[in-house]
Amino acid sequence: MTGSQILPPYLSSLNPEQLRAVLHEGSPLLILAGAGTGKTRVITTKIAYLVREKGVSPESILAVTFTNKAAKEMRERAMAIEPQCSRATIRTFHSFGAWFLRRNASAIALDSNFVIYDDDDSTQLIRTVLPQASKQECERYATLISRAKDYNLEPDSPSLDRLGGESDLRRVYALYEERLRTTGNVDFGDLIRLPARLLETDEAVAQRTHQRFRVILVDEYQDSNVAQFFLLQKLAAPGSYVCVVGDDDQSIYRFRGAEVKNILSFSNSFPGTTIIRLERNYRSSQSILDIAGNVVSHNKNRLGKTLHATKPGGAKPQLALLDDQDQEVEFCSHIIRGHLKSGGNLSDIAILYRTNAQSLAFEKEFPRRKIGYRLVGALRFYEREEVKDLLAYLAFLLNPRDEIAFRRIVNKPTRGIGESSVDSLLDLALQKGCSIMDSCLENRDAMKGKAKAGLKEFLDIIQAASSLLELPSSDIAAAEETRRGTGAAPKGHDKGTQSLSILLENIIEKSGLAEFHKNKDEIAGTQKLNNMEELVNAASIYPLVKEGLAEFLETIDLDRSLQTSAEDISPDAVTLITMHNTKGLEFPVVIITGLEQGLFPRDDESGEELEEQRRLFYVALTRAKDRIYLTACRWRRIHGRLFETLPSRFLTEIDAGLYEFWGAGGREGYRTGNRTGYAGAVSSEWKTGMAVYHDEYGQGVIIKTSMTESSGPLVIVQFETGKVAQFFPKYTRKLERIKE
DNA sequence: TCACAGTGACTTTTT
DNA sequence: GTCACTGTGA
């Protein structure tokens, strides 16, 4: 360690590469930080170091991440070293975009009270511009438009065709944009695209922004998309310091527009870039890193780095070849029981899978076996009908041009306002260019019978709610204060100030949503009323003013991870989670299930997609600290049909010796009723030169066999068609020996 | 406006 | 196998 005695403790505890990354200055910096190498530590230390030692003002630092969780952690850890860091802008990309747009709203002809549309809202908006299209078509358009925005493409961009979408994508995209501007709202893509565009076209805004942010840091850079890259370029002035941190091997969001090229070619885009690799891994044992590194080494498109464990050795990963999902559950239960017996906790263990549907088998069986579990990611609180209903009332209060919110709530619960009445009110608003609320007020007398009464009812609800927000209040300044902060949820509001919860309660009662959903709960045994109450609770920390409402809605729109109190009741539980959702997490014991060809990877995945799946496997493997178990089932039920499968090609790619077969080599086998796992039997009946037959591929010859004691039999067959395939012969009956 | 049955679709999802 | 969309009929 170089002169560690003169460094303050927060720096002297870093390893040499980490320290170099923290101290670096004078050129763009790309930190290639492998899994578990202390990436967050480096970036937070760097922020603190700049403020503390280099006299950089915290206000001039902008650090962006992808998730709220990461932003929160980054802020807290930087503040722990240097409290002044609370004044730095540490946000997610999208929350920075929203902040930037509200602050510069007038420069881009937006009302700063805009609401952020989610994917579902976007789909609804497309439905209104394409009334003849089916919901599915509209969803497809919404996805394509969202992707177009990820790639920073406009309706008239020549390369829009490359998205491979429908022929009239341009037309629909243009219609959608026009309608979205009419509502005055923005979608997720706009939160990145519009700030970039504004910085490009408005010299004054650009100058102001460049003057303010002198240091720009981006975390998880491998997940950035083209639009985010573009925004980064526009944010960076000639004198700015740009530092990005990421791991090209962990880029797993291509399907959402993430562009690995951003990190692969960062040094081309920012000439003079210094690259620092962090390869000392503090999380996993060497055996785990060996297999992970071996897996990802099969990718061509990578910058390349090798992780070294600070924990040498460790248990080899174990592969269990199983019959079916029942055995998979049995196997996982067995591992869990064993772990508990040796003094471990349930929360040490994570069961990973590729698709959410795979969690079902575990969910069904674990309660019976008294295994507590925690299902991550599947609960979509904000997508629930009743939650969206209530949020739509709130959105409409904030933005009376919000067509999607209006359509959702005007006749819910039913008040006799039919579709034609809704359309005519909207048409009139569109013609006059006035808000939907104004259109309703102006035309209320022109409506007939039932619709007239219904509309009056609706307007009364909105106006009553509205008036709650317009009470004279001295807290607007306080709300502004919160808003100006770092994006953290407000800590609360002054005593004596009324809470936003009052507004939500009022709407739930007066609108009839309470009655409406209470009835549904009684019939279907659902928890809709409770879910709305959950939202009321969440609103309690915001003040009862328009700004408080805006803050509340933005937090909800941009941070959907908010857990309800009903969750997380069992503190010690096994984690059931998709591989995608594990990014950034770690567990002592990881079981990766469903390693079958057709499921992971899918058979239609090749090229870039296949490489991304391999990276996903890499991410999954590097979550483990001590132990990894892998499972592959011979029979897998998908969409209700039973398929016979082959082990994942990712398994056959791995060098023999990097993992062991579970149950092999005299280890205690396990039994499920009368059946035994396939892995126990090691066969030597397969030899090089042997003629074999396969149902799909026809005749072939074994060109290679591998038969190490620990890794069991593996044969490579060349078929007459020219195809070469690898098999675990005991595992698949598809391969038969041809008797001479 | 609602209830029903037939049809088809079905990865991953930070924001 | 499950869910949600879609169209029909009351």
Side-chain angles (χ1 to χ4, degrees), chain A residues 64-73 91-98 116-123 127 133-140 142-143 146-147 149-150 186-193 219-225 227-228 250-258 325 352-361 364 376-378 380 382-383 385 411-419 450 487 520 523 554-562 577-585 594 598-605 609 612-613 615-617 619-620 637-642:
Chain A
V64 285
T65 65
F66 281 85
T67 66
N68 290 287
K69 200 177 153 204
K72 185 166 174 256
E73 191 190 349
R91 288 173 174 262
T92 65
F93 253 116
H94 290 88
S95 120
F96 169 75
I116 299 158
Y117 272 170
D118 64 15
D119 297 347
D120 183 53
D121 298 325
S122 293
T123 305
R127 292 202 87 168
S134 71
K135 178 164 188 205
Q136 217 168 25
E137 281 173 289
C138 293
E139 266 167 7
R140 170 110 183 107
T143 308
S146 160
R147 206 71 340 106
K149 292 190 174 187
D150 289 342
V186 300
D187 59 23
F188 281 126
D190 288 342
L191 293 176
I192 308 299
R193 200 180 60 130
D219 192 15
E220 302 280 13
Y221 187 64
Q222 77 281 351
D223 288 329
S224 61
N225 60 36
Q228 284 158 338
Q250 292 188 67
S251 174
I252 54 172
Y253 284 104
R254 191 181 112 95
F255 66 98
R256 293 196 50 171
Q325 287 159 98
L352 277 52
Y353 37 79
R354 176 71 234 282
T355 67
N356 282 306
Q358 288 167 254
S359 70
L360 199 67
K364 275 187 180 161
V376 177
R380 306 216 192 283
Y382 294 108
E383 283 168 26
E385 181 196 6
N411 197 36
K412 190 165 192 179
T414 49
R415 324 187 159 91
I417 307 172
E419 211 172 327
K450 230 180 180 179
K520 285 200 165 189
I523 296 163
E554 178 166 320
T555 306
I556 282 172
D557 284 331
L558 293 183
D559 186 3
R560 313 217 133 181
S561 64
L562 194 108
I577 191 168
T578 62
M579 294 190 220
H580 277 91
N581 265 326
T582 58
K583 206 171 68 165
L585 304 178
L599 181 64
F600 183 55
R602 286 160 58 117
D603 284 322
D604 57 356
E605 285 164 330
E609 283 172 330
E612 175 143 316
Q613 295 307 302
R615 291 192 290 266
L616 183 59
F617 191 21
V619 168
R637 193 176 289 280
I638 300 174
H639 309 321
R641 288 179 72 96
L642 205 55

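This is a predicted model, so every value here is computed, not measured. The chains referred to below are lettered A, B, ... by the order of the sequence lines, with proteins before strands, and numbering in each begins at 1.
At a cut-off of 3.5 angstrom, counting only N and O atoms as typed in the model, there is a donor on one side and an acceptor on the other between the side-chain of A:Arg256 and the base of B:dT15. With hydrogens and angles left out, the side chain of A:Arg354 and the base of B:dT11 share no donor-acceptor pair within 3.5 Å.
Residue-level contact check: A:Arg415 touches neither bases nor backbone, having no heavy atom under 4.0 Å from any strand. Counting non-hydrogen atoms under 4.0 angstrom, A:Gln136 reaches the backbone sugars and phosphates but no base. No contact: A:Thr65 has no heavy atom under 4.0 Å from any strand. Within the 4.0 angstrom heavy-atom criterion, only backbone atoms of the sugar-phosphate kind lie near A:Asn68; the bases stay farther away. A:Phe93 comes within 4.0 angstrom of nothing in the nucleic acid, heavy atoms only. The residue A:Asn411 sits close only to the backbone: its heavy atoms come under 4.0 Å of sugar-phosphate atoms, none of a base. Within 4.0 Å (heavy atoms only), A:Glu605 reaches at least one base atom of the nucleic acid.
With the nearest nucleotide of DNA chain B identified for both A:Glu419 and A:Thr578, A:Glu419 has the one nearer the 5' end. Summary of the strand contacts: A:Glu609 and A:Thr414 both lie near DNA chain B, and taking for each the nucleotide with the nearest heavy atom, the more 5' one is attributed to A:Thr414.
Out of B:dT14, B:dT15, B:dT1, the shortest distance to the side chain of A:Lys583 is found at B:dT14. With B:dT15, B:dT11, B:dC10 as the choices, the nucleotide that has an atom nearest any side-chain atom of A:Arg602 turns out to be B:dT11.
Applying the ring pair (Phe, Tyr, Trp, His ring centres under 6.0 Å) criterion to A:Tyr353, with sequence neighbours excluded, gives no partner residue.
With its ring centre under 5.5 Å from that of the base six-membered ring and a plane angle below 30°, A:His639 counts as stacked on B:dC10. The aromatic ring of A:Phe255 stacks onto the base of B:dT12, its centre lying under 5.5 Å from the centre of the six-membered base ring with the two planes under 30° apart.
By the 4.5 Å heavy-atom criterion applied to side chains, A:Asp150 and A:Arg147 are counted as neighbours. Counting only heavy atoms from C-beta outward, the side chains of A:Asp118 and A:Phe188 approach each other to under 4.5 Å. Within the 4.5 Å cutoff, no side-chain heavy atoms of A:Leu585 are placed close to those of A:Val376.
Taking every nucleotide of DNA chain C with any atom under 4.0 Å from a non-hydrogen atom of chain A, the first and last of them, 5' to 3', are C:dG1 to C:dT6.
Heavy-atom minimum distance, A:Leu616 versus A:His580: CD2-CE1, 3.5 Å.
Note: CZ (A:Phe66) to P (B:dT14) measures 13 Å, nearest angstrom.
Remark: the backbone N or O of A:Arg254 is paired with a side-chain donor or acceptor of A:Glu612 at under 3.5 angstrom.
In this model, no donor atom of one side chain and acceptor atom of the other lie less than 3.5 Å apart for A:Arg602 and A:Gln613.
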